[in-house]
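Notes to accompany the following structure.
In what follows, chains are A, B, ... by sequence order, proteins preceding strands, each numbered from 1.
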Protein chains: 2
Amino acid sequence: MTRTMQRQVTPPRIKRRALSIPAEFDSDPVVWAAWLYYEEGMTQEEVADQLGVSRASVVNFLQEARDRNIVTIAVSSRHLQTIGLAREVADAYGLTNCLVVPDDGGRLPVHERIGMAGARLLIERLQPDDVLGVSWGRTVQALSTALPEMKLPGVTVAQICGCSIGTTEFSPELCTSNIANRLGARCVNLHAPGIVSTAQIKRLFVQEPALVETFKIIHKSNKVLFGVGSVDDAGTAMRSGYMTPEKIAPYLARGAVGVVSGRFIDRDGKPLLGALDNQMIGLTLDEIAKVPERICIAGGSDKVDAVYAALNNNYATILVTDVATARSLVPRASRSSRTGAARRP
Amino acid sequence: MTRTMQRQVTPPRIKRRALSIPAEFDSDPVVWAAWLYYEEGMTQEEVADQLGVSRASVVNFLQEARDRNIVTIAVSSRHLQTIGLAREVADAYGLTNCLVVPDDGGRLPVHERIGMAGARLLIERLQPDDVLGVSWGRTVQALSTALPEMKLPGVTVAQICGCSIGTTEFSPELCTSNIANRLGARCVNLHAPGIVSTAQIKRLFVQEPALVETFKIIHKSNKVLFGVGSVDDAGTAMRSGYMTPEKIAPYLARGAVGVVSGRFIDRDGKPLLGALDNQMIGLTLDEIAKVPERICIAGGSDKVDAVYAALNNNYATILVTDVATARSLVPRASRSSRTGAARRP
DNA sequence: CGAGACAATTGACAATTGTCAACTCAGTGT
DNA sequence: ACACTGAGTTGACAATTGTCAATTGTCTCG
């Protein structure tokens with residue numbers, strides 16, 4: 001979602017005489033245009049003259065250069081962390097990192113903005129031999145589509161909870177494979193339903209050699225990426241056919257405030273175990289909590305309670321959220337939250 | 001040398017009412033502006049409204065964001081290698097990499113353009129524990145100023161040839177420390193003249209414990225960066241007081257065509273050893289040739305002979321040059337050069 | 001060989017962005 | 001108190017950039 005530009009035509013009349021020796025067959029004009037424009041700071045018209053094409057074509061070339069990742073325009077996530085609010089949240093909840101995406105006046109939905117920032121953060125943090133466990137949800141899905149195409153062959157992306165049955169636009173398997181594809185990473189899908197009908201069937205599944213192998217990889221995750229669902233609304237989990245109201249009811253009755261990777265948590269973030277849990281296939285909350293780096297991407301006013309709970313129980317080491325959510329989060333923090341973070345001198 | 005932009009003022013009249021909750025004290029408006037503009041693709045006017053400032057201020061913020069490296073606009077060097085010409089040169093001379101910077105119609109001098117591309121390449125290639133040996137010259141100097149500010153604390157930048165006496169704008173010690181500073185790397189200077197008056201004095205210097213220590217580090221270089229000087233013109237080496245015409249004369253007489261890191265080479269690239277060599281303090285050509293990755297940055301019609309010689313004797317594993325030089329280089333190559341590189345389908 | 005289809009390129013126009021001199025406002029010195 | 005300085009901001013204007021429909025070129029097929 002970089003700058004929007006497209007094509008155009010050149011205005012000047014001194015055209016058509018290629019200045020130097022440009023129009024040879026030994027170069028990709030797109031690369032040239034990108035270099036001259038972005039690196040040397042030429043104007044599009046100058047580039048057009050240099051290349052011997054119309055300025056409109058230059059616009060096209062530049063567009064293509066961005067699409068092909070020949071030029072990269074990136075806001076470094078490190079700087080989004082320098083925003084005072086991000087520091088306050090990080091301090092308050094003991095996070096190693098916190099990204100707060102600015103408000104854009106409702107231009108883009110929250111989950112998309114958070115997805116974009118999360119994408120940026122993710123590619124800056126991934127190391128060659130990482131195994132990234134991926135949960136699912138609207139925000140995770142948004143992150144996956146915001147990722148640029150890359151080549152990170154050493155990385156593995158693993159699906160940490162079973163598949164959903166419904167056919168919404170997002171699902172665990174789609175999130176995972178999308179991310180892996182964009183990243184050029186190995187993709188490990190968990191080929192099993194997220195929820196099976198009985199605890200016994202779950203046991204059967206889990207003992208299946210193919211799944212055992214898959215789980216071996218999943219358990220090697222040194223980073224996890226997950227969203228947080230609320231239970232107030234009809235929630236992601238239900239809309240996607242992952243759960244049904246009847247199944248959820250007992251959890252709600254016992255005080256569930258949110259869903260992390262398909263599992264319910266109470267207001268303190270404690271796992272809320274119930275009958276359903278024995279039918280769920282995927283990493284448990286305790287297992288997730290053991291992964292060294294845990295990236296939580298979530299925001300929106302309806303999710304504040306759930307995010308607060310999740311943070312409170314330290315499920316996340318890194319949080320990507322939006323301004324409004326961050327603002328609600330700070331005063332709630334159990335520890336001392338410092339007011340008035342450092343401003344520029 | 002990214003896009004040129006500066007400050008400005010906003011045109012619309014619907015201003016001054018901050019749309020959401022932007023003007024709080026918890027954020028750096030520069031980061032916000034950068035995010036909204038570059039990441040979300042808002043127009044500057046929209047950003048201005050969102051932030052509650054004039055559009056002119058937004059222009060200023062964006063300028064500052066680029067200056068502060070909050071946004072990075074980069075042409076990936078990998079793509080400069082995809083230019084057919086670069087491949088031809090690489091093939092012809094057995095290089096692992098070759099970058100060819102496009103012609104810009106004389107807008108910027110060759111060495112600056114090459115320096116920019118070299119800078120890009122360098123930061124993409126440097127690994128955490130690298131020791132980078134740095135020679136000197138106009139192009140190396142240009143590279144150093146084209147580097148962005150970074151933090152690469154694990155990297156060491158070492159000066160591989162002694163200091164010059166003159167006070168030109170560039171010198172071995174300046175090149176090295178410039179590069180180290182920009183990169184946020186450790187800087188190891190070689191505190192000795194590049195040329196001393198007698199071979200005996202050189203021996204004394206080199207045995208000095210402080211220098212012995214320095215050389216230990218220098219010899220650990222796993223990457224080197226050097227330019228190539230011609231001897232046709234009055235050359236860098238002389239203008240900087242590094243050498244004098246009398247000293248050079250014997251080398252010229254014996255067929256010197258170029259200078260690499262202060263040492264003369266003949267038309268086959270062979271080191272041309274003479275009286276002076278025993279008075280030079282710094283890595284020898286043979287020592288340089290043993291470094292695994294050797295980045296040569298050089299171009300310009302006056303240097304073609306010298307670059308050809310250097311490439312011919314395999315001093316470089318990576319070459320950064322300009323189109324004109326690359327064009328001259330290809331037909332000279334001793335091996336089979338393939339004509340007509342791949343075009344886009 | 002011409003018609004048709006499709007992609008690339010272009011010029012005119014509209015929108016966005018950069019420049020600049022003037023202005024505001026805090027802080028200072030007298 | 002008041003003029004002065006300097007940083008930060010602004011509006012009007014100029015330059016640059018994006019859009020789009022029309023044109024051109026290329027390739028395929030009849």
Side-chain angles (χ1 to χ4, degrees), chain A residues 1-18 22-23 25 27-68 71 73 104 107 343-345, chain B residues 1-18 22-23 25 27-68 71 73 104 107 343-345:
Chain A
M1 210 129 301
T2 41
R3 210 73 243 304
T4 312
M5 301 188 197
Q6 259 97 305
R7 37 206 70 167
Q8 101 197 15
V9 167
T10 111
R13 57 240 41 162
I14 28 140
K15 259 167 328 182
R16 200 49 10 73
R17 26 142 215 170
F25 55 91
S27 85
D28 183 343
V30 176
V31 177
W32 280 53
W35 172 269
L36 296 172
Y37 185 78
Y38 285 110
E39 203 73 18
E40 294 210 17
M42 274 185 168
T43 173
Q44 293 182 354
E45 199 167 319
E46 293 173 305
V47 177
D49 288 352
Q50 182 67 27
L51 262 48
V53 298
S54 73
R55 199 176 60 77
S57 297
V58 173
V59 176
N60 291 338
F61 292 161
L62 294 177
Q63 176 65 40
E64 190 182 336
R66 286 185 297 266
D67 291 345
R68 289 207 279 148
V71 297
I73 302 182
D104 70 346
R107 209 163 155 286
R343 292 234 62 199
R344 297 204 290 137
Chain B
M1 208 129 304
T2 42
R3 211 72 242 305
T4 313
M5 301 188 195
Q6 260 97 305
R7 34 205 75 168
Q8 100 197 16
V9 167
T10 112
R13 57 241 41 163
I14 28 139
K15 259 167 330 184
R16 200 46 11 71
R17 24 135 219 175
F25 56 91
S27 85
D28 183 342
V30 176
V31 177
W32 280 50
W35 173 269
L36 295 173
Y37 186 79
Y38 286 110
E39 203 72 18
E40 293 211 18
M42 274 185 168
T43 174
Q44 293 181 354
E45 199 167 317
E46 292 174 306
V47 176
D49 288 353
Q50 182 66 28
L51 263 47
V53 298
S54 73
R55 198 177 60 77
S57 297
V58 173
V59 176
N60 292 340
F61 292 160
L62 294 177
Q63 175 65 40
E64 191 183 335
R66 286 184 295 266
D67 292 344
R68 288 206 279 146
V71 296
I73 302 182
D104 69 347
R107 208 164 156 287
R343 291 234 62 201
R344 299 204 290 135

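In this structure, Glu64(B) atom CD and dA7(D) atom P are separated by 14 Å, rounded to whole Å. Rounded to a whole Å, the OH atom of Tyr38(B) is 13 Å from the C1' atom of dT16(C). We find that CG of Leu62(A) is positioned 13 Å from P of dT9(C), with the value rounded to whole Å. Atom CG of Leu51(A) and atom P of dT9(C) are 11 Å apart (whole Å). With rounding to whole Å, Glu45(B) atom CD is found 18 Å from dT17(D) atom P. Per the geometry, CZ belonging to Phe61(A) stands 12 Å off C1' belonging to dT10(C), to the nearest Å.
Across all their heavy atoms, Leu51(A) and Ala33(A) have their closest contact at CD2-CB, 4.1 Å. For Gln44(B) against Tyr37(B), the heavy-atom pair with the smallest separation is CG-CE1, 3.3 Å. Closest heavy-atom contact between Gln50(A) and Asp104(B): OE1-C, 3.4 Å.
Residue Ser57(A) places no side-chain N or O under 4.0 Å from the OP1 or OP2 atom of dA8(C). For the pair Gln44(B) and dG18(C), the criterion of a side-chain N or O lying under 4.0 Å from OP1 or OP2 is met. A sub-4.0 Å separation between OP1 or OP2 of dT17(D) and a side-chain N or O of Tyr37(A) is present. Between Thr43(A) and dA15(D) there is no side-chain polar atom (N or O) within less than 4.0 angstrom of OP1 or OP2.
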Full working for side chain to side chain contact (heavy atoms under 4.5 Å, CB included) between Val47(A) and Phe61(A): CA-CA 10 Å; Val47(A) 177; Phe61(A) 292 161; over 6 Å; no
